[in-house]
Amino acid sequence: MKSMRRSQRGQGMTEYIIIVAMIAIAAIAVYQYFGQTVRNQTAAIAQELAGVDGTTAKNNAQTASGKAQTAGDTKNTLDDYVNQKGK
């Protein structure tokens with residue numbers, strides 16, 4: 001009876017670890033696409049709060065978001081990730 005309870009706790013912990021790993025991978029992927037946009041928006045906000053014109057940083061954020069949208073709309077296969085496309 002005790003060993004069964006212990007194995008169930010281990011299974012629950014394993015499931016939890018898998019879920020956390022999947023969330024981390026998704027967060028890394030999102031940050032990969034939108035990281036530059038977030039950095040530029042943060043820079044624009046910081047400049048505006050400091051009393052400096054943040055238009056350049058805001059425009060950079062808009063450019064980065066356009067690039068991220070283009071990259072997000074591109075269909076990829078596993079061949080794209082292992083540099084085997086066209087071989």
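- The nearest pair of heavy atoms linking Gln47 to Gly54 is OE1-CA, 3.3 Å.
- With sequence neighbours left out, Ile17 forms a side-chain contact (heavy atoms from CB on, under 4.5 Å) with Met13.
- With sequence neighbours excluded, the residues that form a side-chain contact (heavy atoms from CB on, under 4.5 Å) with Glu48 are Asp53.
- Rounding to the nearest 0.5 Å gives a distance of 7.5 Å between CD of Gln41 and OG of Ser65.
- One distance of note links CD of Glu15 with CD1 of Ile18; it measures 7.0 Å at 0.5 Å rounding.
- Every side-chain contact (heavy atoms from CB on, under 4.5 Å) that Asn60 has, sequence neighbours left out, goes to Asn40, Thr56.
- For the pair Gln62/Asn59, a side-chain contact is recorded, criterion being any heavy-atom separation below 4.5 Å from C-beta on.
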